[in-house]
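Below is one structure, written out as structure tokens, with a few remarks after it.
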Amino acid sequence: MADAGGWRPPRPCEAYRAEWTLCRSARHLLHHYYVHGERPACEQWRRDLASCREWEERRSAEAQRSLCESERARVQATRKHALVWTLRQSPPADWHLPLPQEEKDQ
Amino acid sequence: MAGAAGGPQQQQQQQPQPQQQQQRVACQVFPERRAQGGSGQGLLSSVFSNDQGCQRLLLKTLQTNPYVKLLLDAMKHSGCAVNKERHFSCEDCNGNVSGGFDASTSQIVLCQNNIRNQAHMNRVVTHELVHAFDHCRAHVNWFTDVRHLACSETCVRDRAILSILAVRNISKEVAQKAVDEVFESCFNDQEPFGRIPHNKTYARYAHRDFQNRDRYYSNI
């Protein structure tokens with residue numbers, strides 16, 4: 001975890017509010033149910049919003065801990081499936097090269 | 001997504017190298033691409049040039065569409081900055097295909113004779129940029145591994161199967177098996193959006209998160 005000095009919430013508090021609102025919207029409920037077959041879980045966004053505000057107002061260490069834990073869990077959830085392909089170490093070498101006909105023209 | 005195609009047409013002037021021939025992805029049918037040395041103009045006069053209309057629609061998409069803006073940012077961040085003149089080509093295509101990604105030339109081809117309006121252009125550019133993004137960040141064996149092709153096409157299972165069948169001479173069972181094998185992983189790989197962007201609101205939120213990523217990862 002980052003040191004207490006210089007730490008701030010991973011997202012601005014408005015972002016937590018926006019995500020919580022979006023999560024609870026009728027449209028999101030429909031999308032989520034259609035894709036996953038169950039209702040979305042929005043409570044964690046509300047908790048994160050509360051932690052964020054608590055940090056802003058009182059610099060609460062508990063709020064910091066709770067936010068870090070919550071966001072790490074989100075990152076973990078996105079990484080639990082191994083990728084089908086191998087990631088590159090660097091972009092394709094020919095991405096920026098001129099087109100073959102341009103080379104002929106020059 | 002791409003319309004059904006009859007399969008890639010043979011190029012006219014020379015027999016392409018097997019590797020070169022095999023670099024085009026998914027939605028492509030480009031019969032005269034190489035022979036005419038680039039974009040063909042078709043029968044319409046240049047006053048109402050398909051190319052000009054295509055370029056105009058493309059420019060608007062690149063400047064305003066939130067899905068595309070995020071993908072462009074993500075690609076720049078991955079070392080594949082996109083240049084409109086270099087990486088896009090408006091051309092006439094056979095069939096009712098809307099576009100394709102040509103990995104051998106790092107170009108997105110837009111079928112100007114089939115893209116009718118701004119919304120359509122938005123969808124085609126988004127779709128092809130996803131292919132380009134996958135090509136940029138991973139070693140994708142577009143033609144030698146059906147699972148990789150399936151992965152790049154995966155959003156909805158049945159659509160992925162149809163997309164594969166449109167461009168590969170394989171049986172439906174093989175296509176289904178490829179999609180099933182990769183579905184769990186590929187459906188959950190939501191890069192660069194970090195979520196399924198059901199509409200522009202989600203895409204804007206995703207873009208906001210992408211722009212915030214330095215702060216995010218240094219504080220968790």
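Values reported hereafter were calculated over all heavy atoms of this structure, with side chains retained and with hydrogens, waters and symmetry mates removed. The model shown is predicted, which means the values in this text are computed figures rather than measured ones.
Residue B/Ser78 touches chain A through its backbone alone, counting heavy-atom pairs closer than 4.5 Å. Contacts between B/Asp209 and chain A at a heavy-atom distance below 4.5 Å involve the side chain alone, from C-beta outward. In this structure, no portion of B/Arg213 lies under 4.5 Å from any heavy atom of chain A. Residue contact with chain A, scored on non-hydrogen atoms closer than 4.5 Å, involves the side chain of B/Tyr205 exclusively.
No donor-acceptor distance shorter than 3.5 angstrom exists from the side chain of A/Arg11 to the backbone of B/Asn212, with no hydrogens or angles considered. Without hydrogens or angle criteria, A/His31 side chain to B/Ile196 main chain gives no donor-acceptor distance under 3.5 Å. Formation of a donor-acceptor pair under 3.5 Å by the A/Thr86 side chain with backbone atoms of B/His139 is not found in this model. Between the side chain of B/Asn219 and the main chain of A/Pro9, no donor-acceptor pair closer than 3.5 Å is present.
Heavy-atom pairs under 4.5 Å with chain A peak, among B/Ala138, B/Ala81, B/Ser106, at B/Ala138. Your options are A/Ser90, A/Ala15, A/Pro12, and the one with the most heavy-atom pairs under 4.5 Å with chain B is A/Pro12. The candidate from B/Glu191, B/Met75, B/His87 with the greatest count of non-hydrogen atom pairs under 4.5 Å with chain A is B/His87.
Applying the salt bridge (charged side-chain N to carboxylate O under 4.0 Å, His left out) criterion to A/Arg58, with sequence neighbours excluded, gives A/Glu54. Evaluation of the side-chain contact (heavy atoms from CB on, under 4.5 Å) rule for B/Thr61 yields B/Asn65, B/Val68, B/Gln118, B/Met121, B/Asn122, B/Val125 as partners, not counting sequence neighbours.
Taking 4.5 Å as the limit, some side-chain heavy atom of A/Pro92 sits within range of a side-chain heavy atom of B/His135. Within the 4.5 Å cutoff, the side chain of A/Leu99 has heavy atoms near those of the B/Arg86 side chain. Between A/Trp85 and B/Ser152 the shortest side-chain heavy-atom distance falls below 4.5 Å. A heavy-atom distance below 4.5 Å is found between the side chains of A/Val35 and B/His198.
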Worked verdict on A/Arg74 versus B/Ile220 for side chain to side chain contact (heavy atoms under 4.5 Å, CB included) | CA-CA 11 Å; A/Arg74 284 200 183 99; B/Ile220 58 171; over 6 Å; no

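The stretch residues 18-25 of chain A places A/Ala18, A/Glu19, A/Leu22 near chain B, each with some heavy atom under 4.5 Å from a heavy atom of that chain.
The aromatic rings of A/Trp95 and B/Phe101 are tilted relative to each other, their planes meeting at an angle between 30° and 60°.
Between A/Asp94 and B/Ser104 the shortest heavy-atom distance is OD2-O, 4.2 Å.
Residue pairs meeting the salt bridge (Lys or Arg N to Asp or Glu O under 4.0 Å) criterion with at least one partner in residues 135-151 of chain B, sequence neighbours excluded, are B/Asp134-B/Arg137, B/Arg137-B/Asp189, B/Asp145-B/Arg147, B/Arg147-B/Glu181.
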